[in-house]
Amino acid sequence: MHLAYPVVLSSLLFCTGLYGVLARRNAILVLMSVELMLNAVNLNLVAFDVWLSKAAEETLHSGQALTLFTITIAAAEIGIGLAIVLAVHRNRGTADIDKLRDTAEGHETGTDGAEDPDAAQGSGRPERSEKAEATA
């Protein structure tokens, strides 16, 4: 098999993942796109390992070993990433990346960057106890 086939496939996978990272707003879809990019890199590693092992007499299979390491790191990354997304969703009620830009809970800013005077007076978001009473 030619080297061009897996390289073209992995470049298509990587570009699809890159588009998903840049265009998506949901954090879970962004994490899935990152996994797609990592799988494209893994495909490249294995393809070049097979291609280089045909040229060399000794086969170390270092590309395949690095692929296993990358899969392990990707599994840990997706586990931690999903835990963070679930914790943020529980606290904020959304997994939308655009709505999560301001991570400090007490700092609401207006369009000019100054603090919102209504938020300082307490007429902004309801407190947690008010939310609990409203849902009870």
Side-chain angles (χ1 to χ4, degrees):
M1 176 171 35
H2 296 286
L3 183 63
Y5 298 132
V7 170
V8 168
L9 179 63
S10 68
S11 65
L12 288 174
L13 283 174
F14 191 84
C15 289
T16 304
L18 185 65
Y19 173 75
V21 167
L22 296 177
R24 299 292 177 185
R25 292 185 178 178
N26 192 347
I28 294 176
L29 291 177
V30 170
L31 286 173
M32 288 173 58
S33 298
V34 168
E35 291 295 319
L36 196 62
M37 291 168 61
L38 287 173
N39 285 330
V41 170
N42 289 339
L43 180 62
N44 260 341
L45 285 171
V46 171
F48 277 102
D49 180 53
V50 169
W51 182 65
L52 290 174
S53 68
K54 289 180 183 178
E57 293 187 17
E58 291 184 20
T59 56
L60 296 176
H61 298 295
S62 59
Q64 293 177 11
L66 190 58
T67 298
L68 288 175
F69 181 71
T70 306
I71 289 172
T72 306
I73 296 298
E77 175 258 335
I78 199 69
I80 292 171
L82 282 175
I84 291 171
V85 168
L86 286 175
V88 167
H89 187 270
R90 284 183 188 158
N91 289 335
R92 300 288 178 128
T94 184
D96 192 3
I97 293 175
D98 290 337
K99 293 180 182 178
L100 298 175
R101 288 192 180 153
D102 184 26
T103 56
E105 285 193 30
H107 295 41
E108 292 186 20
T109 58
T111 57
D112 59 350
E115 286 193 17
D116 190 10
D118 294 335
Q121 294 173 0
S123 62
R125 295 188 307 181
E127 295 294 324
R128 286 188 183 261
S129 61
E130 292 174 5
K131 285 183 184 179
E133 291 173 6
T135 58

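Just so it is clear, the structure is predicted and the values come from calculations on it, not from any experiment.
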| query | Distance from Thr94 atom OG1 to His89 atom NE2, nearest 0.5 Å? | reply | 6.0 Å
| field | pair Val34-Glu77: side-chain heavy atoms closer than 4.5 Å | value | yes
| message | Would you say that Leu45 contacts Gln64 through its side chain, given a criterion of any heavy-atom pair below 4.5 Å between the two side chains? | response | no
| query | Roughly how far, to the nearest 0.5 Å, is CG of Leu18 from OG of Ser33? | reply | 9.0 Å
| query | Going hydrophobic residue to hydrophobic residue with side-chain gaps under 4.5 angstrom, can you get from Leu38 over to Val7? | reply | no
| Between Met37 and Val21, which heavy-atom pair has the shortest distance, and what is it? | SD-CG2, 3.9 Å
| said: Within this structure, what is the CZ-CG distance for the pair Phe14 and Leu36, rounded to the nearest 0.5 Å? | reply: 10.0 Å
| message | With a 4.5 Å cut-off on side-chain heavy-atom distances among I, L, V, M, F, W and Y, is there a chain of contacts connecting Phe69 to Val41? | response | yes
| request: List for me each residue that meets side-chain contact (heavy atoms from CB on, under 4.5 Å) alongside Val85, sequence neighbours excluded, and say none if there are none. | output: Ala27, Ile28, Leu31, Ala95
| remark: Note: Gly20 and Val30 closest approach over all heavy atoms is O-CG2, 4.3 Å
| note | Looking only at heavy atoms, the pair that brings Asn44 and Pro6 closest together is OD1-O, 4.4 Å
| remark: The single option from Leu82, Leu86, Ile80 that satisfies side-chain contact (heavy atoms from CB on, under 4.5 Å) with Ile84 is Ile80
| field | Electrostatic pair Arg25:Asp98 at N-O distance under 4.0 angstrom | value | yes
| query | Once you round to the nearest 0.5 Å, how far does CD1 of Ile73 lie from CG of Leu66? | reply | 10.5 Å
| query | Does any non-hydrogen side-chain atom of Asn26 lie less than 4.5 Å from one of Asp96? | reply | no
| request: Measure the spacing between CG of Leu29 and CE of Met32 and express it to the nearest 0.5 Å. | output: 6.0 Å
| query | For the hydrophobic clusters of this structure (ILVMFWY residues joined by side-chain heavy atoms under 4.5 Å, transitively), does one cluster hold both Leu13 and Tyr19? | reply | no
